[in-house]
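Small disclaimer: the values here were computed from a predicted structure and weren't measured.
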Protein chains: 2
Amino acid sequence: MAESAKPSGAAKRTRRKTGAITLHQVAQLAGVSPISASRAINTPDQVSPKLLEKVTLAVKKTGYVPNLLAGGLASSRSKLIAAVVPSTVISVFNETIESLNTTLFNSGYQLMLGQSAYSASREQLILDAIIGRRPDGIFLTGLMKSEKIRSQLLATGIPVLETWDLTANPIDMLIGFSHTKIGTAVANFLIQKERRNFAIVRAEDERADRRTRAFIQAVKKQKLPTPFVLNVGASRSIRSGRDAMAEILRSHPKVDAVFCSSDLLALGVLTEAKFQKLDVPRKINVVGFGDIPFVADMIPALTTVRINGMKIGELGARYLIERAEGRTVAEPTVDVGFSIIERETT
Amino acid sequence: MAESAKPSGAAKRTRRKTGAITLHQVAQLAGVSPISASRAINTPDQVSPKLLEKVTLAVKKTGYVPNLLAGGLASSRSKLIAAVVPSTVISVFNETIESLNTTLFNSGYQLMLGQSAYSASREQLILDAIIGRRPDGIFLTGLMKSEKIRSQLLATGIPVLETWDLTANPIDMLIGFSHTKIGTAVANFLIQKERRNFAIVRAEDERADRRTRAFIQAVKKQKLPTPFVLNVGASRSIRSGRDAMAEILRSHPKVDAVFCSSDLLALGVLTEAKFQKLDVPRKINVVGFGDIPFVADMIPALTTVRINGMKIGELGARYLIERAEGRTVAEPTVDVGFSIIERETT
DNA sequence: TTGAAAGCGCTAACAA
DNA sequence: TTGTTAGCGCTTTCAA
C-alpha cells in the first residue's frame, strides 16, 4: 500500500493541486514539523543550527519556492507594493519607478504596476484591483484628488504615499515639491536674464497649470507683459512642441523666452527654432522641465528644471517599507525641492 | 450575549483579522451562502437575477473588495502576470510594457514588474520572487539563456513568453524578430546608398552583437572594407554616442556611414557630427535602432530600424491570457519583423 | 527551541 | 440554481 492516505470510507473529495512542492513536503523530507521548516526559512536565527541545516538541505533538494499567496493570506502581509503611474511612454517618472522597484526588491518586496487613467470609473477599477491584492503599501505618482477614493484608501489602512507634489492634506505620506515655487523660480530666473516677452508651452496637466499660473504671477509682479500661454493638450511630444513654437513665432514674434512643461516639448521648441534659424539663446531662451537623461548632451544643451526622481523612488520605497513593517516614519511629508540646471539654451 | 461564538470550554485561540470586509459578511448581509455570493460576483450569469441583486446590493453597501490572495490560493489562478525587463530608464521596451499592461488590465489581470539583472545569482533571486507569487504567466524581454532557469521555469508549468528575439528552442512561446536579418538589411540598405566605409557603434548586448556580425558579413560579401566596430559597453547614452563618434572621426576619418545599436547612441553620433560641422547625410549617413517616439521629429530626422513594440506587448498579453485560461495558442512562435524607416540621416 | 491546532478568505467538488 | 464541505499552503497562537 504505497498509496495515499485512507482510500476507505466515504470517497474523500479531492482538489486538484498545483503539483508544486509545498512546505509540507519539505518538512517531511527534513523530518521536522511544517512550522519549524517555515521558521528555518523565514527567521533562520530563531532555530537551532541542526534544524536549519536539515531544512536548508531539503529546500535545496526539492527546489522549493514558497507560495507567497498562501503566506500573504496567512500573515496578512503580502510583501507587495503597488504603484500607480500615468501612462506615458517616455516620462519623467521612469527613473522614479526604476529606483522604487530596485529598492523594494532589495528588501524582499515586489512591485505591482497600475496605469492611472483619465476617467474616474476606470480609476476606481484600477484601485479595486490594487486593493484586492492587499498590498503592503501604495505608491501614487501625484496626489489623489477623488475624495471618494481618498477615503476608501484611508479605510483600508494600507500605507499610502503620494508623490511629485505638495499639499496640506495628504492621505497619508507625501514626498514631493512645490510646482508653484518652480513657476516663480523659472520666471525670476528668466527675468534676471533680461527677458521680457514670455511664452509658455504646456500640456494639459494640473501640475503644469500651477507652474504656469505662478510663472504668470511673477511676471506680472514685475509689470512685464502677460505671457502668451499655449496649451498643447494631452500630447507632449516633440512634434507638438514644434507646432507650438511655430504658432508662437507667428502670433507673438517678439517672444524672447519660452518655458515648457516638459523637456520633450522644449526639444520640439528648440527644433522649430533651429528650423527657423533663430539664435538660441541670444534671440530666444528655452527652459524645459524634468531633465530627462539626454537633454544635457544635445546641442544646444537644454536648460531645465531638475527633480531628483531617483530620490523620490528610493525614499518612497523606504517609507513604504517602514510602514509596512509596522514602524512609523518620523517625517511623513518631505519636500525634495528642485533645481534649475542652467545650460546652453538660456 | 451579543458576543462572538462560544466563549465556552477551552478558550478558543483567535487570530487578529485584518478588519477588511469578507465575502462571508457580504453573504450574511445578503442572506445567502458565501459560495452563492462568490458566484454572483465572479460568474453573474450563473445565478438567478434575484440572488444577483441581493448580492450586488450587499457589495455596494459594504464596499467589499475581494481578497485576490485568498481567491488565488483557492483557485490556483492568481490573475497576475509577471514581466522581466532590463533596467534602462528610457528604452525601447517602454512601449511594449505599456501596451502589455493595458491589455492585461482590460482582461482583469495585473502586471508585476521584475527588473532583470546582470548577475546570475540575482537573476535567480528575481525568478524565485516571481515564481513565489504563482503568476499565471511570465513575460520575458529577451530570451532566457540560463539553462538552469529555463528548466526551472518549464517545471513550474507556468506559461512563459520570450520576446524581442528569435530562436529555434524557445522555452514555451516566442514573439520576436531576427537580429541577424536586421544587421544584413541595414548593411545592404547602406551599400545601396553608395556607402563604402562603415562604422558600428554598439552597446554591450548580445542582440546588438548579432546585428553587428550580420552587418559585417554582408559588407564583406560585397568585398568592401571591414567595418570599424566600437563597443561602448553598458552605457547607451547620448554622451557615449558622442564620444564614440569623436573617436571614429579621429581614427577612421574616411567613414561615411554609422550604424548604431540604439537610437540614443545615434542621437549622440549626430550631435558630434553636428558639432564637427559634418554634413549629414551627404558626408555621413547614420542609422539607429528602436525608433523611440521622438527621433522622427528631430532635425535631422533619424533613419532607424523600427520594431512594433506595441504589437509585441499586446499580442504577448493575449497569448499569455489564452494560456492562463487553459486554451492553446495556434502559433506559439511569431516573427513580427522590422522595418527600416528612412528619414533624413541617410 | 520545537510542535499541535486553528484558521487567513476564498473556491472546487460534490450533492440536493 | 443553491448550498455543504473541505481544503488551497501557509503562519499565528498557544503550549510544551
Side-chain angles (χ1 to χ4, degrees), chain A residues 4-5 9-28 30-55 62 64-79 131-134, chain B residues 4-6 9-28 30-55 62 64-79 131-134 326:
Chain A
S4 61
K12 276 280 193 184
R13 63 183 60 164
T14 181
R15 289 197 153 197
R16 138 242 67 176
K17 304 196 184 187
T18 57
I21 309 292
T22 68
L23 184 63
H24 219 88
Q25 295 168 46
V26 172
Q28 220 149 32
V32 301
S33 74
I35 183 60
S36 289
S38 170
R39 283 196 273 250
I41 291 166
N42 296 312
T43 51
D45 36 55
Q46 277 179 36
V47 300
S48 66
K50 209 191 292 180
L51 191 144
L52 180 57
E53 199 196 310
K54 283 193 283 186
V55 173
T62 53
Y64 171 65
V65 179
N67 184 330
L68 298 172
L69 254 50
L73 179 59
S75 65
S76 30
R77 305 251 344 266
S78 63
K79 288 264 178 177
I131 294 175
R133 296 267 170 211
R134 304 295 189 263
Chain B
S4 61
K6 303 180 191 169
K12 274 280 190 184
R13 62 185 60 167
T14 182
R15 289 196 153 197
R16 138 242 67 178
K17 304 196 184 189
T18 56
I21 309 291
T22 68
L23 185 64
H24 219 90
Q25 295 167 47
V26 172
Q28 220 148 35
V32 302
S33 74
I35 185 65
S36 288
S38 169
R39 283 196 273 251
I41 291 166
N42 297 311
T43 52
D45 36 53
Q46 277 178 35
V47 300
S48 67
K50 208 190 293 178
L51 190 143
L52 180 56
E53 199 197 310
K54 284 192 284 185
V55 173
T62 53
Y64 171 64
V65 179
N67 184 330
L68 298 173
L69 255 49
L73 179 60
S75 66
S76 30
R77 308 251 344 266
S78 63
K79 290 261 178 180
I131 294 176
R133 296 268 171 211
R134 304 295 189 262

Atom-to-atom span, [atom1] of [X] to [atom2] of [N] - whole angstrom:
{"X": "A:Arg77", "N": "D:dT11", "atom1": "CZ", "atom2": "C1'", "value": "12 Å"}
{"X": "A:Asn67", "N": "C:dC8", "atom1": "CG", "atom2": "P", "value": "18 Å"}
{"X": "B:His24", "N": "D:dG3", "atom1": "NE2", "atom2": "C1'", "value": "13 Å"}
{"X": "B:Lys79", "N": "D:dC8", "atom1": "NZ", "atom2": "P", "value": "22 Å"}
{"X": "B:Leu73", "N": "C:dC8", "atom1": "CG", "atom2": "C1'", "value": "9 Å"}
{"X": "A:Ile131", "N": "C:dG9", "atom1": "CD1", "atom2": "C1'", "value": "17 Å"}
{"X": "B:Gln46", "N": "C:dT11", "atom1": "CD", "atom2": "P", "value": "12 Å"}
{"X": "B:Arg39", "N": "C:dA13", "atom1": "CZ", "atom2": "C1'", "value": "11 Å"}

Side chain of [X] only, please: which of [options] is the nearest?
{"X": "A:Ser33", "options": "C:dT1, D:dC10, C:dG3", "result": "C:dG3"}
{"X": "A:Val32", "options": "D:dC8, D:dT11, C:dG3", "result": "C:dG3"}
{"X": "A:Ile35", "options": "C:dC10, D:dT1, D:dT12", "result": "D:dT12"}
{"X": "A:Ala74", "options": "D:dG9, C:dA12, C:dA4", "result": "D:dG9"}
{"X": "A:Leu51", "options": "D:dC8, C:dA13, C:dT2", "result": "C:dT2"}

Has [X] got a side-chain N or O lying under 4.0 Å from the OP1 or OP2 atom of [N]?
{"X": "B:Thr22", "N": "C:dG9", "result": "no"}
{"X": "A:Ser38", "N": "D:dT11", "result": "yes"}
{"X": "B:Ser48", "N": "D:dT2", "result": "yes"}

* Checking all strands, does A:Pro66 fall into the base, sugar-phosphate, or nothing category for heavy-atom contacts under 4.0 angstrom? ->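 It contacts sugar-phosphate atoms only.
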Once you round to the nearest 0.5 Å, how far does [atom1] of [X] lie from [atom2] of [Y]?
{"X": "B:Asn42", "Y": "B:Ile35", "atom1": "CG", "atom2": "CD1", "result": "8.5 Å"}
{"X": "A:Leu69", "Y": "B:Ser75", "atom1": "CG", "atom2": "OG", "result": "8.5 Å"}
{"X": "A:Ile21", "Y": "A:Asn67", "atom1": "CD1", "atom2": "CG", "result": "12.5 Å"}
{"X": "A:Gln46", "Y": "A:Ser38", "atom1": "CD", "atom2": "OG", "result": "10.0 Å"}
{"X": "A:Leu52", "Y": "A:Ser36", "atom1": "CG", "atom2": "OG", "result": "11.5 Å"}

* When you match A:Leu69 and B:Val47 each to their closest nucleotide on DNA chain D, which lands nearer the 5' end? ->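 Looking at the nearest nucleotide for each, B:Val47 comes out on the 5' side.
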* Given DNA chain D, 5'-ward residue of the pair B:Ala70 and B:Ser36, judged by closest heavy atom ->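 First, find each residue's nearest nucleotide; the 5'-ward one identifies B:Ser36.
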* Classify the side chain of B:Arg134 versus the base of D:dG9 as yes if they form a donor-acceptor pair under 3.5 Å and no if they do not. =>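 No.
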